[in-house]
Amino acid sequence: MAKYLLLKHYRGAPASGNDVPMDQWTPEEITAHVKYMQDFGTRLEETGEFVEHQALTPDGTFVRFDGEGRPPVTDGPFAETKDLIAGWTVIDVDSYERALELAAELSAAPGAGGEPVCEWLEVRPFWGPMQTITE
């Protein structure tokens, strides 16, 4: 089994098929979308392919180390970052093809008007325990 990150973007990916921003959806449309995501996770728990999924708020701060004994340096939030990453799902599947299949299914979550969002999801494999950057 291999783990994959299905990364959801607010912006930065090609426009989705149903490109109405979520802040313009009705409460019922948001509820339907969240339910679809929960049902997706539940079904994958039953098959043993689910690891986790999380949605992110638009708030965020960059932090960096600024030297021994000094407080961390912070900056932000940065609109370009918070607009990019909306959330993620981590799956543990038998093949890359299965990861693509599940990403396509997740892309079909309902959005405005109850129509599938058809959003682009980034599929990224996790590094295995013995992999190196040169592989």
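These numbers were taken from a predicted model, which means no experiment stands behind them.
- In terms of hydrophobic clustering, with Ile, Leu, Val, Met, Phe, Trp and Tyr side chains grouped at heavy-atom distances under 4.5 Å, L56 and M37 are assigned to different clusters.
- D92 contributes no side-chain N or O that, together with a main-chain N or O of E49, makes up a donor-acceptor pair within less than 3.5 Å.
- Taking OG of S16 as the start and CD of E115 as the end, the distance is 12.5 Å to the nearest 0.5 Å.
- Paired with V90 under the rule side chain to side chain contact (heavy atoms under 4.5 Å, CB included), one option of Y4, F50, F126 passes, and it is F126.
- Summarising the geometry of P110 relative to A32, their closest heavy-atom pair is CG-O, 3.7 Å, with the distance given to 0.1 Å.
- Under a 3.5 Å cut-off, the side chain of N18 and the backbone N or O of A112 do form a donor-acceptor pair.
- The heavy-atom pair separating T89 from F40 by the smallest distance is CG2-CE2, 4.4 Å.
- Between the side chain of W88 and the backbone N or O of K8 there is no donor-acceptor pair closer than 3.5 Å.
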Before you tell me yes or no, could you show the steps for V93 and K3 under side-chain contact (heavy atoms from CB on, under 4.5 Å), namely the whole-Å CA-CA distance, both residues' side-chain angles and the distance that decides it to 0.1 Å? CA-CA 6 Å; V93 295; K3 289 184 182 170; over 6 Å; no
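- Expressed to the nearest 0.5 Å, how far CG of L6 lies from CD of E122 amounts to 10.0 Å.
- No donor-acceptor distance shorter than 3.5 angstrom exists from the side chain of Q24 to the backbone of P21, with no hydrogens or angles considered.
- Note: the hydrophobic cluster containing L100 also contains L44 (ILVMFWY, side chain heavy atoms under 4.5 Å, direct or indirect links).
- Residues R98 and I91 have side chains not in contact (no heavy-atom distance under 4.5 Å, counting atoms from C-beta outward).
- Under the 4.5 Å side-chain heavy-atom criterion for Ile, Leu, Val, Met, Phe, Trp and Tyr, V20 and V117 are members of the same hydrophobic cluster.
- No side-chain heavy atom of V123 sits under 4.5 Å from any side-chain heavy atom of L5.
- Pairing each heavy atom of W25 with each of E29, the nearest pair is CA-OE1, 3.2 Å.
- Between R70 and D66, at least one side-chain N (NZ, or NE/NH1/NH2) sits under 4.0 Å from a carboxylate O, which counts as a salt bridge.
- S107 places a side-chain N or O within 3.5 Å of a backbone atom of E119 that can act as its donor or acceptor partner.
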Under the side-chain contact (heavy atoms from CB on, under 4.5 Å) criterion, do H33 and M22 qualify, and how do the steps go? CA-CA 10 Å; H33 183 82; M22 190 178 249; 3.5 Å; yes
